[in-house]
J.: 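Next up is a structure, given as structure tokens.
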Protein chains: 2
Amino acid sequence: MTEAPTGSSPTLRDVATEAGVSAATASRALNGSTRNVSPEKLALVLQAAAKLGYAPNLSAQATARGSTKTIALIIHDLADPYFSSIAAGAIEGAEAAGLTVTMAVTDRSPDRELEIVSTLRGHRPHAIILGGSRIGDDHAALARELQAYEAAGGRVAVVSQPALPYGTVTIDNHHGAEELATALVAHGYRRFAVLRGPDALRTSRDRADGFLAGLARAGLDAPDRIETEFTEDGGHAAMTRLLDRGLDGLELVFAVNDVMAIGAMRALRDAGLVPGRDLAIAGFDDISAATDVTPALTTVGVPMHAMGLRAIELALAGNDPGEVVRLPTTVVLRDSTPRHRIDSQM
Amino acid sequence: MTEAPTGSSPTLRDVATEAGVSAATASRALNGSTRNVSPEKLALVLQAAAKLGYAPNLSAQATARGSTKTIALIIHDLADPYFSSIAAGAIEGAEAAGLTVTMAVTDRSPDRELEIVSTLRGHRPHAIILGGSRIGDDHAALARELQAYEAAGGRVAVVSQPALPYGTVTIDNHHGAEELATALVAHGYRRFAVLRGPDALRTSRDRADGFLAGLARAGLDAPDRIETEFTEDGGHAAMTRLLDRGLDGLELVFAVNDVMAIGAMRALRDAGLVPGRDLAIAGFDDISAATDVTPALTTVGVPMHAMGLRAIELALAGNDPGEVVRLPTTVVLRDSTPRHRIDSQM
DNA sequence: CTGAAAGCGCTAACAG
DNA sequence: CTGTTAGCGCTTTCAG
């Protein structure tokens with residue numbers, strides 16, 4: 001691959017000579033304590049810089065200073081609204097702090113994630129943000145890499161992974177799902193099924209368990225649980241399976257995330273049924289698509305943008321190493337779970 | 001047995017001494033022409049690096065080499081599926097080439113974009129990718145900044161902005177919309193309205209114009225044009241306005257992008273109407289939400305992911321400076337525009 | 001093949 | 001306030 005020579009960018013020295021001052025003065029005028037340089041020279045330097053179209057070499061700055069103005073953000077999938085919202089929040093927070101965001105995507109592969117952390121470490125970023133829950137439970141290698149980074153003075157913050165010993169911003173998946181269950185029971189529903197993701201996925205587990213807990217608290221039996229992929233197609237497939245088997249009095253299906261729920265709705269329509277009327281559906285996350293679908297999807301709102309933002313703050317503040325910030329979720333009842341008729345109460 | 005001092009990462013020299021070789025050899029073993037170092041020393045160095053958890057300081061590497069292994073990606077809005085898909089494609093391409101992506105978002109502000117280009121230039125990235133169409137037509141300052149970057153050996157590629165003198169990957173918005181119009185006319189539609197974005201937005205203009213051209217070719221009159229925001233709320237507002245004013249025989253509304261179309265569908269439902277039945281709707285982009293809504297949205301498919309990918313390739317190849325890659329769009333007819341009854345053909 | 005030495009562009013003590 | 005002098009961590013001639 002062609003190595004484009006960056007040779008001809010004007011350097012600090014160019015600016016300095018152009019302005020008739022020393023490199024040190026130029027540096028001070030452009031960055032350092034602006035206070036200590038005379039107004040005239042300051043103007044001269046600024047003018048020279050503008051004339052030459054000077055842009056400081058950030059790499060050189062970084063090596064000289066020993067620290068960078070960047071934040072490394074690792075997420076699993078940019079095309080997923082869940083992650084891109086977190087990323088948007090993180091970027092906003094970073095920019096507010098005058099930091100640039102470097103970003104890499106893992107495609108949900110733990111191996112790739114490990115590799116990325118290792119590479120990113122080379123950038124000596126101010127902080128590394130892990131933006132999403134991990135697939136597996138095997139953190140050993142990742143933890144070691146992170147450990148090394150932190151030992152060298154780096155900061156780490158994690159979104160939605162209460163498993164690592166770093167500042168973490170998360171939500172209470174269990175509680176959110178429990179509240180949803182309670183609200184749905186109050187709406188008159190009694191016969192549920194749960195569409196859940198792979199068991200290894202902590203998030204999925206917590207949400208499914210929370211939902212069951214909510215039902216249990218209302219004195220209801222544990223519902224059917226169908227395991228499937230954590231994706232829209234997964235939701236579609238699971239619902240199709242459910243339909244094949246016969247609904248048999250089922251009133252509401254809770255999918256552990258919105259995309260699954262949306263897939264389930266699609267399966268219903270494919271079978272000639274109307275979501276919300278023939279079978280109620282609820283999801284989790286409140287991605288923007290939740291209000292685009294018809295009927296609008298009942299779900300649990302997750303403050304994704306805020307999570308990204310808070311993760312940055314957590315990393316930058318750097319007080320309590322293991323601090324956990326738990327952001328509140330909100331049950332959002334929409335048309336996919338209309339108030340249920342009383343006579344179905346048993 | 002040298003222990004890395006707490007608070008800083010092990011350096012190349014640390015690895016070198018640990019392995020009992022010179023820094024130069026360590027450098028060669030870890031990066032340079034692996035050929036020129038003896039197998040034993042190679043092994044020694046690798047082992048030492050692993051033991052110390054060494055991660056090369058990329059900034060230092062960059063200053064020494066004068067070039068970086070990064071690509072700077074500038075995007076308008078990460079939460080918008082259109083841009084995040086482009087970004088995902090770009091990231092994929094960059095990673096395939098062993099490059100890291102640095103990313104900044106402009107929030108659709110030209111000033112911010114300019115500022116960002118200026119800052120990014122300081123990173124001396126291998127290439128800068130502008131990932132989306134610009135709001136205004138005033139490129140002067142941006143062009144100058146980019147010019148300076150390129151003069152210093154940087155590469156630039158642009159997505160969807162045929163206005164700048166750089167490698168550009170784009171789609172034929174005009175043609176795509178024209179084809180859509182033709183297809184819809186063939187479906188029996190005759191009375192249209194167009195929801196368009198701000199006039200300054202080139203993309204919006206081209207799509208609206210293309211649609212009109214398609215109708216004109218079929219011998220139909222120019223339809224109503226409503227200008228609004230380029231967002232879902234904009235689509236909602238415009239459609240609401242349209243409803244207030246009375247549909248008056250209107251059969252189909254074409255919104256210049258999918259999010260606007262989805263907003264319009266929402267407005268319809270808010271008014272108690274059924275999209276697709278009472279009024280047909282079509283959009284442009286084919287974002288994933290287009291298949292989530294009910295009825296599924298007729299639209300023009302844009303290969304966003306591929307655009308991001310090609311932009312990287314274009315930048316990296318660096319042959320023709322002003323090369324324009326035009327990716328094909330595809331009309332996708334879905335349920336939001338059912339075949340129209342013949343008797344409405346007037 | 002390998003080490004010594006000279007930078008890369010910038011910052012940060014130190015004297016003046 | 002400002003110039004001089006050292007580096008930052010790494011790469012890369014240039015001799016051996």
Side-chain angles (χ1 to χ4, degrees), chain A residues 3-45 48-49 52-69 121-125 152-153, chain B residues 2 4-5 7-45 48-49 52-69 119 121-125 152-153:
Chain A
E3 209 73 330
T6 318
S8 33
S9 263
T11 79
L12 217 216
R13 219 197 272 320
D14 294 338
V15 174
T17 39
E18 171 78 25
V21 301
S22 76
T25 301
S27 170
R28 285 189 274 250
L30 262 15
N31 286 284
S33 25
T34 318
R35 286 244 170 275
N36 315 335
V37 51
S38 73
E40 304 91 53
K41 307 227 163 192
L42 210 196
L44 243 38
V45 172
L52 298 181
Y54 172 72
N57 184 322
L58 266 24
S59 294
Q61 229 171 236
T63 52
R65 281 210 265 250
S67 76
T68 44
K69 286 293 203 179
R121 206 144 76 71
H123 280 116
R124 304 285 186 275
Chain B
T2 350
S8 72
S9 309
T11 79
L12 217 217
R13 219 200 269 324
D14 294 336
V15 175
T17 41
E18 171 78 26
V21 301
S22 75
T25 301
S27 170
R28 285 189 273 253
L30 262 14
N31 285 284
S33 26
T34 319
R35 287 243 171 277
N36 315 335
V37 50
S38 73
E40 305 90 55
K41 306 225 162 189
L42 211 196
L44 245 37
V45 171
L52 298 182
Y54 172 71
N57 183 322
L58 267 24
S59 293
Q61 225 172 239
T63 52
R65 278 212 267 252
S67 77
T68 43
K69 286 292 200 183
T119 305
R121 206 143 77 70
H123 280 117
R124 303 285 184 278

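Lettering follows sequence order; numbering is per chain, from 1.
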J.: Return the set of residues passing side chain to side chain donor-acceptor pair (under 3.5 Å) with B:Gln61 (not counting sequence neighbours), or none when no residue passes.
T.: none
J.: For the helix from C:dC1-D:dG16 to C:dG16-D:dC1, measure the angle between the helix axis at one end and the axis at the other, each built from five pairs, rounding to 10°.
T.: 40°
J.: Using the test side chain to side chain donor-acceptor pair (under 3.5 Å), find all partners of A:Thr63 that sit at least two apart in sequence or belong to another chain.
T.: none
J.: If the condition is side-chain contact (heavy atoms from CB on, under 4.5 Å), which residues does B:Thr11 pass it with, not counting sequence neighbours?
T.: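 Residues passing side-chain contact (heavy atoms from CB on, under 4.5 Å) with B:Thr11: B:Arg13, B:Asp14.
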J.: Identify, with sequence neighbours excluded, every residue that meets side chain to side chain donor-acceptor pair (under 3.5 Å) alongside A:Ser27.
T.: none
J.: Please state whether the phosphate of C:dC10, meaning OP1 or OP2, lies under 4.0 angstrom from any side-chain nitrogen or oxygen of A:Asn31.
T.: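 For A:Asn31, the contact criterion (side-chain N or O under 4.0 Å from OP1 or OP2 of C:dC10) is not met.
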J.: Does any residue of residues 37-45 of chain B have a heavy atom under 4.0 Å from DNA chain C, and if so, which ones, in number order?
T.: B:Val37, B:Ser38, B:Lys41
J.: Using the salt bridge (charged side-chain N to carboxylate O under 4.0 Å, His left out) criterion, which residues pair with A:Arg121? Sequence neighbours excluded.
T.: A:Glu145
J.: First and last nucleotide of DNA chain D in contact with chain A, 5' to 3', at under 4.0 Å to a heavy atom: what are they?
T.: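 Range of nucleotides touched by chain A: D:dC1 to D:dC8.
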J.: Could you work out, with side-chain contact (heavy atoms from CB on, under 4.5 Å) as the rule, every residue matching B:Ala19, not counting sequence neighbours?
T.: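 With neighbours one apart ignored, the set is B:Val21, B:Leu44, B:Val45, B:Ala48.
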J.: Would you jot down, in residue-number order, the residues of residues 54-63 of chain B having a non-hydrogen atom under 4.0 Å from DNA chain D?
T.: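 When residues 54-63 of chain B is checked for heavy atoms under 4.0 Å from DNA chain D, the hits, listed by number, are B:Tyr54, B:Pro56, B:Asn57, B:Ala60, B:Gln61, B:Thr63.
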J.: Using side chain to side chain donor-acceptor pair (under 3.5 Å) as the criterion, list what pairs up with B:Ser22, not counting sequence neighbours.
T.: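 So B:Ser22 forms a side chain to side chain donor-acceptor pair (under 3.5 Å) with B:Thr25.
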